[in-house]
Amino acid sequence: MTDRKPHFETLAVHGGAFRADPVTGSVAVPIHQTTSYQFQDTAHAERLFALQELGHIYTRVTNPTVEVLEQRLAVLEGGAAAVAVASGQAASFYSVLNLAQVGDNIVTSTDLYGGTWNLFANTLKQIGIEARFVDPADPENFRRATDERTRAYYAETLPNPKLNVFPIREVADIGLELGVPLIVDNTAAPLTVRPFDHGAAVTIYSATKYIGGHGTTIGGVLIDGGTFPWEAHAARFPLLTQPDPSYHGAIWTEAAKPLGPIAYALRARVTLLRDIGAALSPQSAFQLIQGLETLPLRIRQHNANAGIVANYLKTHAKVTSVIFPGLQEGEARRRADTYLKGGYGGLVGFELAGGAEAGRRFIDALKLFYHVANIGDARSLAIHPATTTHSQLSPEDQLATGVTPGYVRLSVGIEHPDDIVADLEQALAEA
Ligand SMILES: *Cc1c(COP(=O)(O)O)cnc(C)c1O
């Protein structure tokens, strides 16, 4: 077992240090429903607070149940360390705030989850961090928008609704040249893509989606790839390379050295979780660990089913176009084939010839599919963005984001594909 790497299926069940509870032998991960931890003595407490020894102090910062999830996700991603947080939104916020302060900027892809768009365009602006939005069709747009105050690049692997795969390697390479780390939100494609394999510095997730997988729990995670050379570009990253007045002048790139290449994760935990406190609860971590155990199996089924659904829709008379990475052409398809392994993801978009009214009729006729604003559940989900998630946008802005009146988005579940297609067929008959 020593020099061979276990596969995803094995790591999802066993990854990380946890084997069994050292006190009871419990094999299932215990839910450590505690806020705080008894110190052995005053010297022990002193060492923990000084970060001379790592250990649990308070659940806002670390918790043994949460730690099992963090270690398992770090191992699955091929990263150095992970920090779990209360939601995907907290993960994207912390991922930027860990590097940027007032007067700084990030360069971000325009193809973003709506919540992330609002966070970047409005809330970051409110605290003096500028988000520069660029079209990822040309990776060089990232270089052109970069200046000496640029602290990160940001993108989603497989963004809705266009499902155009982001050019991770191309933009990561520009960043490595200029000293800017690429943060990738890989929520829509866990295991199908590992952003660290393509040069990303940080990967974040909404664990709410595929990782939890059962629509029970909100959570997020930041994963530090451990490879970005912060010190080589020290002037760009004062938050990591200059003394931190909030922690007796600690320099995070130095403080992390005995622990591994985890300066980014360490700072996120001991300053952002300490100060802002979007901690994941132990109960939620337990739920997410249960989901994670079957992630590789579910992803395989999601990907296979989505391929079947896309091919079915492609031939349907009421469907004018199908948006699916495996059916794209040209550069978009090249990127899909370069980055997506073992399938093209579980999301499928399509346009109904009958426009918005057909979209409504289709959604209202679904019996198996749930009509929800979510993705990544075991169950199949559908939504009509023009009347829901994108309804606040003007028709022109809807079109700019890729949402036409007849556009429907499916998150294809893990049910039997024949049953999924049968539900689509009867609903399309009503559309
Ligand atoms: C859902 C989602 C988020 C936000 O995650 P929450 O867990 O809902 O806070 C961020 N990015 C993407 C791509 C998402 O799908």
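Both ligands and their constituent atoms are indexed starting at 1 by order of listing. For this chain, numbers begin at 1 and follow the sequence in order.
- Less than 4.0 angstrom separates some heavy atom of T208 from each of these atoms of ligand 1: 6 (P), 7 (O).
- For the pairing with W252, the ring pair (Phe, Tyr, Trp, His ring centres under 6.0 Å) check across W230, Y247, Y264 returns one residue only, Y247.
- Note: an N/O pair closer than 3.5 Å links S206 and ligand 1 by distance alone.
- Remark: minimum distance from atom 13 (C) of ligand 1 to any protein heavy atom is reached at D185 OD2, 3.4 Å.
- In this structure, atom 6 (P) of ligand 1 lies nearest to the protein heavy atom G88 N, 3.3 Å.
- Among protein heavy atoms, atom 15 (O) of ligand 1 sits closest to K209 NZ, 2.7 Å.
- Within the structure, the closest approach of P159 to ligand 1 does not fall below 4.0 Å when heavy atoms are considered.
- Identified under the salt bridge (Lys or Arg N to Asp or Glu O under 4.0 Å) test for residues 336-357, with sequence neighbours left out: R333-D337, E357-R360.
- Identified under the salt bridge (Lys or Arg N to Asp or Glu O under 4.0 Å) test for residues 369-389, with sequence neighbours left out: D377-R379.
- Each of Y154, F133, F166 was scored for a ring pair (Phe, Tyr, Trp, His ring centres under 6.0 Å) with F142, with one residue passing: F166.
- Those atoms of ligand 1 with a heavy atom of G219 less than 4.0 angstrom away are 7 (O).
- Salt bridge status for R143 with E177: present, with a side-chain N to carboxylate O gap under 4.0 Å.
- Counting only N and O atoms by type, the side chains of E77 and Y205 include a donor and acceptor under 3.5 Å apart.
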